[in-house]
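Numbers here are sequence positions counted from 1.
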Amino acid sequence: GGVALVKTAAVDGAFKSVTDERIPRVALLNDVKANIYEIGLSLRNMAIMVDASDVKKQIDGVQAKRQAIGESLQRLQADIKTEKGKQLMGKIMDARSQYVAGQVKFIELVGAGNLDEAKPYLLSTVRPSQLAYFGVVDELVKFQQELLQESGVRANAAVSSITTVVWSVGLISVACAFFMAA
């Protein structure tokens with residue numbers, strides 16, 4: 001019974017890391033990716049819109065999404081403790097700063113009415129930095145998924161151990177009872 005209780009605590013710890021850490025981090029990273037994608041759409045929209053109020057709405061949307069991403073990344077930076085996770089977060093922050101710098105310049109070009117320069121800049125500079133940003137976010141998602149699988153393996157091993165211990169103790173108890181009765 002004592003061994004089963006100890007192993008149950010191991011299962012509980014593994015499942016808590018899954019439910020309290022791994023899955024929420026992957027969900028947060030997917031939110032970041034969705035916001036990056038939405039920013040890309042807004043930037044593209046700015047390049048094809050002619051009404052200044054529509055462009056302003058897109059700019060406001062970009063700024064709101066950028067703020068949401070910043071808040072999500074701050075939460076992730078506070079939560080991630082592994083060295084590899086911290087390295088990947090550093091790469092994400094670098095990619096983000098490059099993408100944001102491209103956004104700012106693109107928005108300035110659009111705001112100045114210089115669409116002939118803005119459109120090629122969007123495709124040659126902003127879009128590649130967006131793809132690089134997606135790539136490093138995907139690296140962290142993959143790493144979190146690996147950690148999620150490891151937690152599952154630990155939980156399964158603990159459950160198997162509990163099953164083995166319970167069956168073994170049960171068989172030993174039956175054998176002892178049989179010999180004591182004889």
### From Gln144 atom CD to Arg25 atom CZ, the distance as rounded to the nearest 0.5 Å
5.0 Å
### Task
Among residues two or more places apart or on two chains, list those pairs meeting salt bridge (Lys or Arg N to Asp or Glu O under 4.0 Å) that have a residue in residues 32-41.
Lys33-Asp138
### Task
Please tell me if the side chains of Gln145 and Gln149 come closer than 4.5 Å, counting only heavy atoms from C-beta onward.
no
### Sequence-distant partners of Arg75, side-chain contact (heavy atoms from CB on, under 4.5 Å), two or more places apart
Leu28
### Pairing residues for Asp79 by the salt bridge (Lys or Arg N to Asp or Glu O under 4.0 Å) criterion, not counting sequence neighbours
none
### Query
Which atoms form the tightest heavy-atom contact between Ser72 and Val32, and what is the distance?
CB-CG2, 3.7 Å
### Task
Sequence neighbours left out, what passes salt bridge (Lys or Arg N to Asp or Glu O under 4.0 Å) with Glu139? Give chain and number order.
Lys91
### Query
Does a side-chain heavy-atom distance below 4.5 Å link Leu109 with Leu122?
no
### Query
Mind checking what makes side-chain contact (heavy atoms from CB on, under 4.5 Å) contact with Asp116, not counting sequence neighbours?
Asn114
## Note on the structure
Taken in chain and number order and not counting sequence neighbours, the residues that satisfy salt bridge (Lys or Arg N to Asp or Glu O under 4.0 Å) with Lys57 are none
### Message
Would you say that Ile36 contacts Arg96 through its side chain, given a criterion of any heavy-atom pair below 4.5 Å between the two side chains?
### Response
no
#### Entry: Summary of ring pair (Phe, Tyr, Trp, His ring centres under 6.0 Å) pairs that have at least one residue in residues 29-58, sequence neighbours excluded
none
## Note on the structure
Rounding to 0.5 Å, atoms NZ (Lys86) and CG (Leu140) come to a distance of 13.5 Å
### Task
Kindly compute the distance separating CG (Leu76) from CE (Met89), expressed to the nearest 0.5 Å.
5.0 Å
### Query
Atom OG of Ser129 and atom CG of Asp94: how far apart are they, to the nearest 0.5 Å?
13.0 Å
### Heavy-atom check, side chain of Gln58 versus side chain of Arg44, under 4.5 Å
no
Show me the side-chain donor-acceptor pairs of residues 61-69 shorter than 3.5 Å, one per line, residues at least two apart or across chains.
{"residue": "Arg66", "atom": "NE", "partner": "Gln103", "partner atom": "OE1", "Å": "3.0"}
{"residue": "Arg66", "atom": "NH2", "partner": "Gln103", "partner atom": "OE1", "Å": "2.9"}
{"residue": "Gln67", "atom": "NE2", "partner": "Glu71", "partner atom": "OE2", "Å": "3.2"}

### Ile59 side chain near Val110 side chain, heavy-atom distance below 4.5 Å
no
#### Entry: Check: Val55 and Asp51 side chains under 4.5 Å, non-hydrogen atoms
no
### Query
According to a 4.5 Å side-chain heavy-atom criterion applied to Ile, Leu, Val, Met, Phe, Trp and Tyr, with indirect links allowed, do Leu123 and Phe134 form part of one hydrophobic cluster?
no
### Message
Contact between Val26 and Leu148 at the side-chain level, heavy atoms closer than 4.5 Å - yes or no?
### Response
no
### Message
For residues 66-120, which residue pairs pass the ring pair (Phe, Tyr, Trp, His ring centres under 6.0 Å) check, not counting sequence neighbours?
### Response
Tyr99-Tyr133
### Message
Let me confirm one number: the CD-NZ distance from Glu117 to Lys105, rounded to the nearest 0.5 Å.
### Response
6.0 Å
### Residues clustered with Val104, ILVMFWY side-chain links under 4.5 angstrom
Val100
### Side chains of Leu88 and Lys84 in contact at under 4.5 Å (non-hydrogen atoms)
yes
## Note on the structure
Here the gap from Ile92 atom CD1 to Gln77 atom CD, rounded to the nearest 0.5 Å, amounts to 9.0 Å
### Message
Among residues at least two apart in sequence or on other chains, which ones pass salt bridge (Lys or Arg N to Asp or Glu O under 4.0 Å) with Asp31?
### Response
none
### Selection residues 51-95 - residue pairs positive for ring pair (Phe, Tyr, Trp, His ring centres under 6.0 Å), sequence neighbours left out
none
